[in-house]
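Some notes on the structure that comes next.
Just follow the structure's listing: the first ligand is 1, and inside any ligand the first atom is 1.
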Amino acid sequence: MNIDQIKKEFPIFDEKIKNNDLVYLDSANSSQKPKVVVDRINEFYTKQFSNVGRSVHYLAVAATNLYENTRTSVQKYINAKHKNEIVFTKGATEALNLVANTLGQSHLKEGDEVLITELEHHSNYVPWHFLRKSKNIKINFAEINEYGEITLEEIEKKITSKTKLISITHLSNVTGAILPLKEITQLAHSKGIIVVVDGCQGAPHLKLDMQDLDCDFYAISCHKMYGPTGLGVLYGKKKWLEELPPYQGGGGMINEVKKDRISYGELPNKYEAGTMATAQVIAFDQSIKFLESIGIENVMKHEADLVEYGQELLQKNNSVKLIGNPKNKGGVLSFTIKGVHPHDIATILDEDGVAIRAGHHCCQILHDKLNIPASARASVGVYNTKEDLDQLNESINNCKKIFNL
Ligand SMILES: Cc1ncc(COP(=O)(O)O)c(C=O)c1O
């Protein structure tokens, strides 16, 4: 992988941040955007704009075709069996809310149990909490081990005769643990349990194959995949999407509307009510092409090398404590420095142009478990280098000096 070349494709790296070159280590939060994606949005709005799926004029038909081309690209990228299993949403958060809401309406009843994990992002907890409130379902938590992992054995231990659904992250946005999803799905399905995956951190960094994985739903966040904000993808098995009720009502999702009855449209329109994020969807095709041009195997190898390098550096750095040490780890390095608040770490690193995130990363359950209010997190993407991690380490040393550590 030629990182210099890849970096040149991202205009943001031409910018100076407080007179420094940008060291962007916040891709788990949101990735930077390659020029092809930004240009595609501009081109669509300036030369091709129309709403999709409605009018029959030239621009409308062309825009609809472009929009549907992205759906086909996503289908191929994640190896979904059917194109109609791809639903565009406004983000992974909406995708997970859609699943919880529609399954909650139709398949979950009082006393049923939903199994999630202590690693979950609030987007994969709060929607189930709504059902706890409205339907009296029970939420159980699979617990992390000392390495910040969730094992198959732990999942098995927490499944009861009332477990109806497991909703689980692919890759933790804090410990970086990659979960044994295929095995979890096999186990769950052998007991008739539905599997929902929060794939926000999986999709940008791991090879995806929905038919092989066999989960029932998989939520994707496009802005973490070198794509535009305001866009997510819900993969759902056709049988589920056909069977479940609609999520939102409005234009585009109906078949027939009468004073006394309404019938809903076919998939995927049934789940795409109202005017969609048209430009974002069309530009997301370029994000997929960008990732394909590098090759996901190369992305995985590059990021695994980076995280191994960064982990070694930080492990050697006195007073830095890494959070989690999973065997199978994605490109996330969360840490604390004794005596320094994570927000201070992030603010001091920012003076050197090093962008990281500090806080609970929308994982308060995990931070409570670890007995810390917050942590600092450096996370990598295709454009990062070992030099970026050297700079991270050097800036951490500056921070320690300020605090006399
Ligand atoms: C693990 C995880 N789940 C869910 C989300 C929410 O994704 P979105 O911003 O697309 O709604 C994020 C984003 O921070 C995440 O990291």
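- Below 3.5 Å of separation, one finds an N or O of His121 facing an N or O of ligand 1.
- Heavy-atom separations between His361 and ligand 1 are all 4.0 Å or longer.
- At least one heavy atom of Lys224 sits closer than 4.0 Å to an atom of ligand 1.
- Taking every heavy atom of both residues into account, Val233 and Thr89 meet most closely at N-OG1, 3.8 Å.
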Walk me through whether Tyr125 and Phe141 qualify under ring-ring contact (aromatic ring centres under 6.0 Å, His included). CA-CA 10 Å; Tyr125 173 31; Phe141 291 85; 5.3 Å; yes

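- Enclosure of atom NZ in Lys369 by more than 12 non-hydrogen atoms of other residues, nucleotides or ligands within 6.0 angstrom is indicated.
- Under 4.0 Å from ligand 1, the heavy atoms of His223 that appear belong solely to its side chain.
- For Leu96, no nitrogen or oxygen atom sits less than 3.5 Å from a nitrogen or oxygen atom of ligand 1, counting backbone and side chain alike.
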Would you be so kind as to tabulate the donor-acceptor pairs closer than 3.5 Å made by side chains of residues 179-188, with sequence neighbours excluded?
unit_1 : atom_1 : unit_2 : atom_2 : d
Lys182 : NZ     : Asp212 : OD1    : 2.9
Thr185 : OG1    : Leu181 : O      : 2.7

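- Contact atoms of ligand 1 toward Gly91: 10 (O) (distance under 4.0 Å to a heavy atom of the residue).
- Residues satisfying the side chain to side chain contact (heavy atoms under 4.5 Å, CB included) test with Lys238, not counting sequence neighbours, are His82, Glu85, Glu242, Leu267.
- Taking 4.0 Å as the cut-off, Asp198 counts as a neighbour of ligand 1 on heavy-atom distance.
- At a 3.5 angstrom cut-off on N or O pairs, Ser221 counts as close to ligand 1.
- Considering only non-hydrogen atoms, atom 5 (C) of ligand 1 lies nearest to Cys200 out of Gly202, Ser172, Cys200.
- Asn20 contributes no side-chain N or O that, together with a main-chain N or O of Val354, makes up a donor-acceptor pair within less than 3.5 Å.
- Note: no N/O pair closer than 3.5 Å links Glu94 and ligand 1 by distance alone.
- Scanning both residues, Phe284 and Met225, for their nearest heavy atoms gives CZ-SD, 3.8 Å.
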